[in-house]
Amino acid sequence: MKIGVVQLASESNKDSNLDSTVKHIDELGNLGCELIVLPEYFNYLGPSELERENAESIDGFTVERISQKAKQHNIYIHLGSFLEKDNNKVFNTSLVLNPNGEIVSQYRKLHLFDVNVPGEIVHIESEFITAGDNVSTFTINDVVFGMATCYDLRFPELFRRLSYLGASVFIIPAAFHLNTGKDHWQVLLRARAIENQSFVIAPAQWKGIATHICYGRSMVVDPWGILLAQAPDRECHFVVDIDLNYLRKIRQKLPALEHRRTDIFSP
């Protein structure tokens with residue numbers, strides 16, 4: 001399966017961010033990708049206090065514009081995440097659009113990044129964002145994809161649950177902080193891949209804003225934990241062709257998932 005991965009340098013100008021996103025989608029669509037994945041906060045990455053006014057409903061302008069691209073290129077698009085407004089609440093939401101431009105899956109980020117380290121990181125996501133309460137997957141050609149977002153990466157129980165639901169590919173859009181990303185990003189992505197014998201696809205934000213410097217380095221990791229692709233330090237995109245037969249061979253040679261003690265550890 002050919003998958004296009006987009007790394008952005010989004011800021012607070014939504015029109016500019018969307019124009020950049022569409023350009024990448026067009027280029028990847030012309031390369032014959034079956035699925036394109038975007039990073040977290042792809043259409044707005046700016047001051048937290050402005051997040052509410054930049055939130056949109058799932059039938060708003062942003063989703064509609066990306067939906068048109070899904071139809072134009074006849075592809076699936078994972079929207080990374082955007083600020084979703086639902087009544088009086090704002091969620092950090094991921095959507096998946098099918099080739100007809102229809103929403104086939106929705107995921108609201110479960111774990112919110114609340115960290116206050118004076119002089120290093122001060123980011124209280126829960127001041128403006130409401131946490132979701134559901135685990136989400138979607139399917140393309142019998143392949144089950146598990147959905148997670150950024151900080152979720154640090155909670156292995158989510159990925160074990162997704163694996164139990166049949167996911168063999170995890171998509172983890174992120175805007176990972178530079179301070180933690182340089183030491184933890186690749187390590188955690190490889191760990192989630194190895195322990196669940198699954199592909200991990202992680203489109204990321206690079207650069208960011210003054211209060212949220214992003215690490216970038218979008219990656220794809222195979223079920224053995226080997227790094228298949230990594231983005232350079234700039235806005236860009238790349239294509240990876242994941243080999244699902246290889247995944248099956250890994251699971252046959254080392255059937256660790258079959259040895260799970262679900263009688264002791266609930267899935």
Side-chain angles (χ1 to χ4, degrees), residues 1 3 5 34-35 37 40 76 78-81 91-96 98 103-114 125-126 129-174 176 180 183-204 219-228 240 242-267:
M1 180 181 295
I3 299 175
V5 180
E34 189 169 353
L35 167 68
V37 295
E40 184 181 26
Y76 286 85
H78 184 300
L79 270 72
S81 84
F91 298 92
N92 186 346
T93 298
S94 300
L95 296 177
V96 179
N98 68 13
I103 296 171
V104 294
S105 189
Q106 178 180 10
Y107 170 70
R108 290 167 168 171
K109 187 178 180 182
L110 290 176
H111 302 94
L112 302 183
F113 187 64
D114 288 357
E125 193 172 24
S126 64
I129 305 295
T130 299
D133 55 13
N134 288 304
V135 175
S136 299
T137 64
F138 65 98
T139 303
I140 301 176
N141 297 335
D142 297 326
V143 179
V144 180
F145 293 75
M147 299 171 71
T149 305
C150 201
Y151 192 48
D152 286 333
L153 178 59
R154 294 185 179 275
F155 300 87
E157 60 271 23
L158 168 59
F159 297 89
R160 187 57 96 195
R161 176 62 179 166
L162 290 168
S163 176
Y164 182 80
L165 293 174
S168 57
V169 184
F170 301 137
I171 299 183
I172 313 172
F176 226 74
T180 53
D183 294 321
H184 296 168
W185 176 239
Q186 183 179 142
V187 175
L188 289 169
L189 292 173
R190 294 183 67 204
R192 298 295 85 85
I194 293 168
E195 65 198 9
N196 294 290
Q197 298 181 315
S198 298
F199 285 99
V200 171
I201 300 171
M219 296 182 186
V220 177
V221 183
D222 80 6
W224 196 251
I226 295 173
L227 186 63
L228 296 182
V240 64
I242 63 171
D243 185 348
L244 298 169
N245 288 323
Y246 173 72
L247 181 145
R248 297 183 190 99
K249 290 178 181 178
I250 291 295
R251 292 184 173 187
Q252 288 172 354
K253 289 181 178 179
L254 182 62
L257 294 179
E258 297 177 14
H259 300 154
R260 289 177 293 189
R261 290 292 305 272
T262 55
D263 59 322
I264 298 176
F265 305 107
S266 61

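The analysis underlying the following values was restricted to heavy atoms, covering all of them including side chains, and did not include hydrogens, waters or symmetry mates. From a predicted model like this one, the values you see are computed outputs, not experimental measurements.
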Just verifying a value: how many Å separate [X] [atom1] and [Y] [atom2], rounded to the nearest 0.5 Å?
| X | Y | atom1 | atom2 | answer |
| --- | --- | --- | --- | --- |
| R248 | K253 | CZ | NZ | 14.5 Å |
| L95 | I103 | CG | CD1 | 5.0 Å |
| R160 | T262 | CZ | OG1 | 11.0 Å |
| R154 | F113 | CZ | CZ | 7.0 Å |
| S126 | L112 | OG | CG | 6.0 Å |
| S105 | N98 | OG | CG | 11.5 Å |

>> For a side-chain contact (heavy atoms from CB on, under 4.5 Å) check, start with the C-alpha distance between F145 and L35, then their side-chain angles and the critical distance, and finish with the verdict.
In response: CA-CA 11 Å; F145 293 75; L35 167 68; 3.8 Å; yes

Nearest heavy atoms of [X] and [Y], plus distance in Å:
| X | Y | value |
| --- | --- | --- |
| T130 | F91 | O-CD2, 3.2 Å |
| A131 | L110 | CB-O, 3.5 Å |
| L162 | M147 | CD1-O, 3.7 Å |
| I250 | Q197 | O-NE2, 4.0 Å |
| N196 | R251 | O-NH2, 3.4 Å |
| G166 | V144 | O-CB, 3.3 Å |

Student check: side-chain heavy atoms of [X] and [Y] closer than 4.5 Å:
| X | Y | value |
| --- | --- | --- |
| Y164 | R260 | yes |
| Y107 | I171 | no |
| K109 | S81 | no |
| M219 | V200 | no |
| F199 | D222 | yes |
| T93 | Q106 | yes |
| S168 | V143 | yes |
| D152 | I172 | no |

> Does atom CG of D183 have more than 12 heavy-atom neighbours, drawn from other residues, nucleotides or ligands, at distances under 6.0 Å?
Replying inline: yes

>> With side-chain contact (heavy atoms from CB on, under 4.5 Å) as the criterion, how do L153 and W185 come out once you've worked through the C-alpha distance, each side chain's angles and the decisive distance to 0.1 Å?
In response: CA-CA 9 Å; L153 178 59; W185 176 239; 3.9 Å; yes

>> Run the side-chain contact (heavy atoms from CB on, under 4.5 Å) test on M1 and V169 for me, step by step, so that the C-alpha distance in whole Å, both residues' side-chain angles and the decisive distance to 0.1 Å come before the verdict.
In response: CA-CA 11 Å; M1 180 181 295; V169 184; over 6 Å; no

> Between H78 and F138, what is the ring plane arrangement, given parallel below 30°, perpendicular above 60°, and tilted in between?
Replying inline: tilted

> Does the side chain of N92 come under 3.5 Å of the side chain of Y151 through a donor N or O and an acceptor N or O?
Replying inline: no

>> Please check: side-chain N/O of S94 versus main-chain N/O of G80, any donor-acceptor pairing under 3.5 Å?
In response: yes

